[in-house]
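Written out below as C-alpha cells is the structure these notes cover.
Quick caveat, the model's predicted, so the values are computed rather than measured. A note on names: the letters A, B, ... follow the listed sequences, proteins ahead of strands, and every chain is numbered from 1.
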Amino acid sequence: MLDLKFIRENPDKVRAGLSAKNDRRGIDEILRLDERRRELIKEADALKERRNKVSMEVARLKKEGKDASTIIAEMKTVSDRISALDKERRAVEEKIEELLRWIPNLPHSSVPVAPDEAGNVEVRGWGKKPEFNFTPAPHWELGEKLGILDLPGAAKISGAGFITFTGWGAKLERALINFMLDLHTQKHGYREVSPPFLVNRASMFGTGQLPKMEEDMYALKEDGLFLIPTAEVPLTNLFREEILPADRLPIYVTAYTPCFRREAGAAGKDTRGINRVHQFDKVEIVKIVRPESSYDELESLVQNAEAVLQALGLHYRVRLLASGDMSFASAKTYDLEAWAPGVEKYLEVSSCSNFEDFQARRMDLRFRPLPEARPEYPHTLNGSGLALPRTVIAILEQYQTEKGTVKVPEVLVPYLGTKELA
RNA sequence: GGAGAGGUGGCCGAGUUGGCUUAAGGCGGUGGUUUGCUAAACCACUGUACGGUCAAAAGCCGUACCCUGGGUUCGAAUCCCAGCCUCUCCGCCA
C-alpha cells in the first residue's frame, strides 16, 4: 500500500512509477476523494469539540438540579449533523481504501523501466553450461526411467499439474529441504519457522496477494481461509500489526512449506513435466529490516539464495526484472534461473524482492528506530531459497549421465545416502 | 460442535446502577532535584492514528481509540446487536 500523504504530496512521481508498472487505474479519483475526506474531518471535528464541551455543561446542570432540556435539544441537531458527516466520511474512506488496495508498489530508481520481460537485464552468471556428448534427456523421461517420479499417479489422485515423487525422488525432495534449511539457519543466520499452510484473508492482503491475485489462490470459502502460495505469507504476517522494539531488527526467518497455486490462465504454458504445478515445495527466506539498509539486505539475500545453487553446483544466471515484469508488491526483484539442458531453458528457481514499506504498511507492521522514537515502517524482503521442483529439474538434467543415471551433488550425498540415482 | 468465563494503556489492575474518569492506582520507562559515585527518596513526563497550524520539522490546537464492527443516547469503557480471540469443562479427533 502506498502512503496516502505521499500520493498527495508527490502525485507526479507516483504517476510515473505506476505507469512503469503498467498500472491503468491512476490516482486522480483518490486525490479527489482525499480532498473531500479532509473537508469532512475538519467540519466534524469542530462540531465534536463543541459537543464535548456542551456535554460537560449538561452534566454540570444536571448535577445542580437545573434544567438542561434547551441545550440538549440544540445538541440533538448538532449530533445529527455529526453522524451525517461521519457517515459520508466512512463511505469516502472506504472508497479510498478500495482504490488504494489496487495500486501497486512503485519501482526503485535502479530498476529498468520496460513494459515486460523483454526489458529484464542479465546481471551475472555462475558456472558453465554442462556439456554432453549425447542429447540430454528432459527430466520427465529421467524421472520415469529412474522410478522417482510418478506423474500418472499424481494425475489419478489429484489431476493435471500435480507431482508424486517416489522412492529416491521422494527422498531427494526431503534431502533438499533439509539441506537448504540447514544452510540458511547455520550459515546465513535465519531462524527456522514452521508455520500454518492455511492463512486468513488479512494475511493474504498483508503481503499483497489479495485483492489482485485472488483468482490464482486456492480458497476454503466455508472457513475464510486460503492455501498459501508461498511461505512469504505466513512468515511476514507473523509480525503483522506489531510495533517491534528498536533492538529487534533485522529479523531473518526461513521456512519450508508447500505452496499452492491455481495457475489460472496458465493452461498449456510450460506444463510438460514438473515445471509448472499446482502444489510444490519451497524453502523461503524473509527479512524485515531498517529502511536505510534494505537494498544492501536485498543483495545479501540474493547471495543467500545463490549459495544454494552454488553448493549444488548448478549453472544459473541472475536477472534484474524490468518494472513491468515485477510483481504487484515489489520495488525491485532479482530472479535466479537455473539451467535445464533437457528442456534447453533457464528456469526461475528463485525470485528475490525488496518490497520496501509496501507490505509493512498494508499489514500495519512498524518498528521503533530508537527505543523512545516514534514507530516507522520497516522494509520487508523475501526470496525463494529455493523452489524445489525446478531445482530437481536442474539437478536431474545437469547431472544426468549417458547411461540415464543421475549423479548426486556432493553436498546432498550425506542427506540422501547415495551418490547416484540409478 | 455444546456449556460457561473473560478481553481496559508497554505490563499489572480499578471502573460496567451511562455524565466532575480529558481511563483511578501501581509497576516499568524517560528527564530532573538531591548526591563524591551508586542506590533510595522526591518532582515532572509517558501511547497510536488522523485533521488543522507551519516552507518543513518541533511545538501547539483539535478529534478518535478501553478486542473488532454496527446501534441506542444530548452524552457510551459502561447499555443493545453481530463477529473475532483467549481460558475452563464436555463431546469429537491425529
is_close_aromatic(A:F358, A:F328), centroid dist under 6.0 Å: yes
Separation of B:G52 P from A:E39 CD (nearest whole Å): 11 Å
Can you see whether A:F367 has A:R248 sitting over its ring - NZ or CZ less than 6.0 Å from the centre and within 45° of the normal? no
Could you check how far NZ of A:K5 sits from P of B:C50, rounded to whole Å? 5 Å
Any-strand Watson-Crick or G-U partner of B:A57, both distances under 3.5 Å: none
When the distance from CD of A:E241 to C1' of B:C85 is rounded to whole Å, what number comes out? 12 Å
Could you let me know what B:C74 is paired to, Watson-Crick or G-U wobble, both distances under 3.5 Å, or none if it's on its own? B:G19
Please check the phosphate of B:U48 (OP1 and OP2 only) for any side-chain N or O of A:R368 closer than 4.0 Å. yes
Determine the interatomic distance between C1' on B:G29 and the same-named atom on B:C11; round to the nearest Å. 11 Å
Between A:R362 and A:F205, is there a donor-acceptor pair closer than 3.5 Å when you use the side chain of the first and the backbone of the second? yes
If the condition is side chain to side chain contact (heavy atoms under 4.5 Å, CB included), which residues does A:E94 pass it with, not counting sequence neighbours? none
Return the pairing partner of B:A39 with a 3.5 Å limit on both distances, Watson-Crick or G-U wobble; otherwise return none. none
B:G69 and B:G6, which share atom name P, separated by this distance in whole Å: 22 Å
Write down the distance separating the P atoms in B:C74 and B:G18, rounded off to the nearest Å. 15 Å
Taking the same atom, C1', in B:A57 and in B:G19, what whole-Å distance lies between them? 40 Å
Take the protein atom CG of A:L370 and the nucleotide atom P of B:G29, then report the distance between them rounded to whole Å. 18 Å
note: A:E9, atom CD; B:C54, atom P; distance rounded to Å ~ 15 Å
Return the orientation label for the A:Y190 and A:H188 ring planes: parallel under 30°, perpendicular over 60°, tilted otherwise. perpendicular
Under the side chain to side chain contact (heavy atoms under 4.5 Å, CB included) rule, collect the residues that match up with A:E49, sequence neighbours excluded. A:K53
Taking atom P in both B:G28 and B:C12, compute the distance separating them and give it to the nearest angstrom. 15 Å
Just how far, in rounded Å, is P of B:G51 from CG of A:D86? 15 Å
Would you please confirm or rule out a distance under 4.0 Å between OP1 or OP2 of B:G52 and any side-chain N or O of A:R38? yes
Base-pairing assignment for B:G28 (Watson-Crick or G-U wobble, both under 3.5 Å): B:U46
Quantified in whole Å, what is the C1' atom distance between nucleotide B:C43 and nucleotide B:A56? 35 Å
Whole angstrom value for the distance that separates P of B:A49 from CD of A:E376: 11 Å
Using a strict cut-off of less than 4.0 Å between a Lys/Arg side-chain nitrogen and an Asp/Glu carboxylate oxygen, indicate whether A:R50 and A:E74 qualify as a salt bridge. yes
Measure the distance from CG on A:D364 to C1' on B:C50 and round it to the nearest whole Å. 13 Å
Return the 5'-most residue of the pair A:L4, A:A59 with respect to RNA chain B, ranking by each residue's nearest nucleotide. A:A59
Under a 3.5 Å limit on both distances, the Watson-Crick or wobble mate of B:A82 is B:U68
Letter per nucleotide, 5' to 3', of nucleotides 57-80 of chain B [B base touched, S only sugar-phosphate touched, - untouched; heavy atoms, 4.0 Å]: -----BSS-----S---BS-----
Can you tell me how far C1' in B:G4 sits from the matching atom in B:G15, rounded to whole Å? 24 Å
Mind checking who B:A14 pairs with, Watson-Crick or G-U wobble, both distances under 3.5 Å? none
5' priority, RNA chain B, between A:R8 and A:R60 [closest heavy atom]: A:R60
Nucleotide opposite B:A94 in a Watson-Crick or G-U pair, distances under 3.5 Å: none
Within the 4.0 Å heavy-atom criterion, would you say A:P245 contacts the bases, only the backbone, or no part of the nucleic acid? nothing
Can you label the angle between the A:F162 ring and the A:H278 ring as parallel, tilted or perpendicular, going by 30° and 60°? tilted
Ignoring hydrogens, what is the shortest heavy-atom contact between A:A387 and A:S384? Give both atom names and the distance. N-CB, 4.0 Å
Determine the Euclidean distance between corresponding C1' atoms of B:C67 and B:C85; express it in Å to zero decimal places. 8 Å
